[in-house]
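Have a look at the structure below, then the notes.
Lettering follows sequence order; numbering is per chain, from 1.
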Amino acid sequence: MTTTDHSQATADAAHSHGVVIPEGSRGERFTSFDVDAFEMPGPRDEEYRFSALRDLAPVLDQAEAPADGASVDVTAPEGVTVGSLAIGEGPRGTVLVPEDRIAAIASAGSVDALHVKVPANTQVAEPIRIAVTGHATSRSHIVLEAGQFAEATVILEHRGTGAHAGNVEVVTADGAQLKVVSIQQWDDDAVHAGTHHARVGRDATYKHVAVSLGGKAVRLAVTAEYEGTGGSAELLGLYYSDSGQHLEHRTFIDHNAPKCHSNVAYKGALAGKTARSVWIGDVLIRAEAEGTDTYELNRNLVLTDGARADSVPNLEIETGEIEGAGHASATGRFDDEQMFYLRSRGIPEDKARKLVVRGFFADLIHQIGVPEVEEGLMREIDLELEHFEDELVEDEA
Amino acid sequence: MSTLEIKNLHASVETPEGTKQILKGVDLTINSGETHAIMGPNGSGKSTLAYSIAGHPKYQITEGEVLLDGENVLEMSVDERAKAGLFLAMQYPVEVPGVSVSNFLRTAKTALDGEAPKLRTWVKDVKVSMENLRMDPSFAERNVNEGFSGGEKKRHEILQMELLQPKIAILDETDSGLDVDALRIVSEGVNRVAENTGLGVMLITHYTRILNYIKPDYVHVFVNGRVAEQGGPELAERLEAEGYDRFLVDA
Ligand SMILES: Nc1ncnc2c1ncn2[C@@H]1O[C@H](COP(=O)(O)OP(=O)(O)OP(=O)(O)O)[C@@H](O)[C@H]1O
Ligand SMILES: [Mg+2]
């Protein structure tokens, strides 16, 4: 077993960890719909040791949430069916079987799951929009289903306040092409723990994009597994953590079928003394997953002193017959030389910083492939940088 | 008509072993239309002089003055120095991932002028300047200096100089890493800008080779953090024949 811990951090504010082979296979986790089957996690638990556990208390508490804790609004183009699924009514519960207490609470707490289905052979050009607006403590369970050869994009937007435990269960049939963009643009005091679990059909293409910008604590667990050969899963993520924010993303690609492809790329920027981010990237290549091709990457850009980014790739390989398996994880300080170069051409400091940070995210943003999201993101990043000076002032105080 | 005056400039850098004094009293005046060659051995402090004038945060100015047309350059921020009319072509230009050359050039021009350049003339200016420097148009869409060869980086520096039109340019070993063809193209670029705009040039170099293309009015021998001797172009010829040994013994 090789483990790398914090003592080997590569840069002052950076906590990059070498590839970690977890104790016990990632594929053998306990699963249950029963909340009580999961103990209340503590700070020493491997799954939560990087988490903002204190902030997550309301989403770990199984007390019933108020019915109006959050509103969920769907705007779907013609051809898409919108309905609901009761607990135990398939395909609900066939892909997302809770692996932790939060997912179990979100599932049990959502009597009716929102069910959005794109029928077989249906191509919808306009994105399907789902807006989750939090008011208090809330739970949700959403099932997204893409039939055979269906093509669609879902934009799931989280705004408002409160503490939200949200499950997103994704089923893609053979040859389907589905993009799911999950935007976390919560108010400053909001807490969100989400579990997004997809099964990728034979020859299907699934892209999940996590964009986490607003919220006190966000913890997203994004998983993809395969139904058959030829599936492709791409998990992209972008986050910007300011002072007082704890943004955590845990990705898991379960290569449980031969000849599948996966690509994970998460990039984050951090500004402010108490800004935190966590990326845990698990990849499991099971014995049967011959011909797998996988790559995962996490890069963090630390803009100010004190901010801390944890980055842990975990690669578990049970077969030698693979196409490729790679990973890269790097956390770097903001580059003064780049700033000097730009400023020596007359570009003022704030503008130069924007250029460098936009540049850092540019290649990732171009991979999203949803034009309105790409454009919006460049603006959001500029807006985040508008508070940059405030972050420094706040730190002084 | 502009004048850059460097008076008794001292600069140091913090190293793990402590403060290291690099510039030890540099005196130099450059006027518009003049080309000054600064020649000196490795490690003598030539780049430190260039960076100190441009305002690199790594170097502390411990004594002396730098004035551009009487204005105190040392009190200006890095970008203010550029706005005042200074330009530094770097020995090792920096890569800026994700920022295209065309975006970079336009942003810099806009910042310097205080308004965006007229689109049509700007696009044409960029195109013509790139052609003159034999840069493929595809460079405009590439990220700044990313994957550029040594020679391409140097051409890109001169491209910026031509488009941003400074009053005084410091060229730090712009000739190093260039083959003869590239050296000629880059030198022509410098001469063209000097002719068109009356640019004053501080040409830092190690070798006399570039002086066959860019004719200096003055030559300064730079040794151990200061100007050890100055003269006309004939001094360069002497250096070519004798090397720096004579000065190193003195130092
Ligand atoms: N950041 C730094 N830390 C430590 N030493 C430095 C630093 N910058 C410069 N120096 C030292 O200062 C001296 C002058 O360096 P400088 O780069 O100015 O020389 P140069 O004349 O430009 O050399 P070259 O011809 O090799 O380009 C060298 O001894 C160099 O090692
Ligand atoms: Mg040098």
Side-chain angles (χ1 to χ4, degrees), chain A residues 12 236 238 240 265-269 297-305 328 330-368 374-375 377-382 384-385 389 392, chain B residues 50-59 73 76-114 141-146 153 156-157 159-161 163-167 169-170 172:
Chain A
D12 171 27
L236 305 179
L238 183 156
Y240 189 109
Y266 270 67
K267 281 190 170 190
L297 166 145
N298 174 231
R299 291 209 190 291
N300 295 294
L301 181 61
V302 178
L303 297 169
T304 65
D305 288 339
T331 298
R333 305 284 309 231
F334 194 60
D335 188 341
D336 292 335
E337 296 299 327
Q338 290 177 4
M339 284 295 280
F340 173 72
Y341 189 68
L342 296 172
R343 294 186 64 195
S344 76
R345 272 45 175 156
I347 301 171
E349 186 176 8
D350 56 339
K351 187 88 201 175
R353 192 184 293 115
K354 277 183 189 169
L355 273 181
V356 171
V357 175
R358 271 171 165 251
F360 170 75
F361 284 120
D363 60 336
L364 184 80
I365 290 177
H366 290 141
Q367 288 174 54
I368 293 175
E374 291 183 5
E375 285 153 28
L377 263 175
M378 281 298 186
R379 273 197 304 278
E380 292 294 343
I381 289 164
D382 280 356
E384 292 283 351
L385 287 163
E389 301 295 333
L392 293 180
Chain B
Y51 278 132
S52 297
I53 297 167
H56 195 294
K58 213 160 57 184
Y59 301 97
V73 169
M76 300 178 192
S77 67
V78 176
D79 44 293
E80 282 167 355
R81 296 179 197 207
K83 283 200 188 86
L86 292 174
F87 181 86
L88 168 60
M90 290 183 205
Q91 184 173 4
Y92 303 108
V94 181
E95 295 183 8
V96 191
V99 178
S100 71
V101 166
S102 76
N103 184 15
F104 167 58
L105 293 174
R106 194 168 5 89
T107 307
K109 187 70 176 171
T110 305
L112 286 174
D113 291 0
E141 295 320 311
R142 289 178 59 178
N143 292 334
V144 172
N145 293 321
E146 218 178 37
K153 284 181 182 166
H156 179 227
E157 295 292 283
L159 173 71
Q160 294 165 49
M161 185 180 82
L163 292 167
L164 301 180
Q165 307 217 327
K167 294 176 178 150
I170 302 166
D172 190 1

* **Audit row: Leu355(A), Val96(B), side-chain contact (heavy atoms from CB on, under 4.5 Å) steps and yes/no** => CA-CA 9 Å; Leu355(A) 273 181; Val96(B) 191; 5.9 Å; no
Please classify the contact of [X] with chain A as side chain, backbone, both or neither, using a heavy-atom distance under 4.5 Å.
X         : value
Pro166(B) : neither
Lys58(B)  : side chain
Asn143(B) : neither

* Tell me, for Phe340(A) versus chain B, whether the close heavy atoms (under 4.5 Å) come from the side chain, the backbone, both or neither. =>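 Looking at Phe340(A), backbone and side chain both touch chain B.
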What are the two closest heavy atoms between [X] and [Y], and how far apart are they?
X         : Y         : value
Val94(B)  : Glu337(A) : CG2-O, 3.8 Å
Ala82(B)  : Gly346(A) : CB-N, 3.3 Å
Ile347(A) : Ala111(B) : CA-CB, 3.9 Å
Thr107(B) : Lys351(A) : CG2-CE, 3.8 Å

* When Glu95(B), Lys83(B), Met90(B) are compared by non-hydrogen pairs under 4.5 Å with chain A, the top option ->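 Counting heavy-atom pairs under 4.5 Å, the top option is Met90(B).
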* Asked: Can you tell which of Ala84(B), Ser77(B), Ala108(B) has the highest number of heavy-atom pairs within less than 4.5 Å of chain A?
  ->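 Top option by heavy-atom pairs under 4.5 Å: Ala108(B).
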* Asked: Which residue out of Ala362(A), Ser344(A), Ala352(A) racks up the most heavy-atom pairs below 4.5 Å with chain B?
  ->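 Most heavy-atom pairs within the cutoff with chain B belong to Ser344(A).
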* To do: Please round to the nearest 0.5 Å and tell me the distance separating atom CD of Glu80(B) and atom CZ of Arg343(A).
  =>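 With rounding to 0.5 Å, CD (Glu80(B)) is 8.5 Å from CZ (Arg343(A)).
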* Side-chain ion pair, Arg345(A) and Glu157(B), N-O less than 4.0 Å ->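 Result for this pair is yes, salt bridge flagged.
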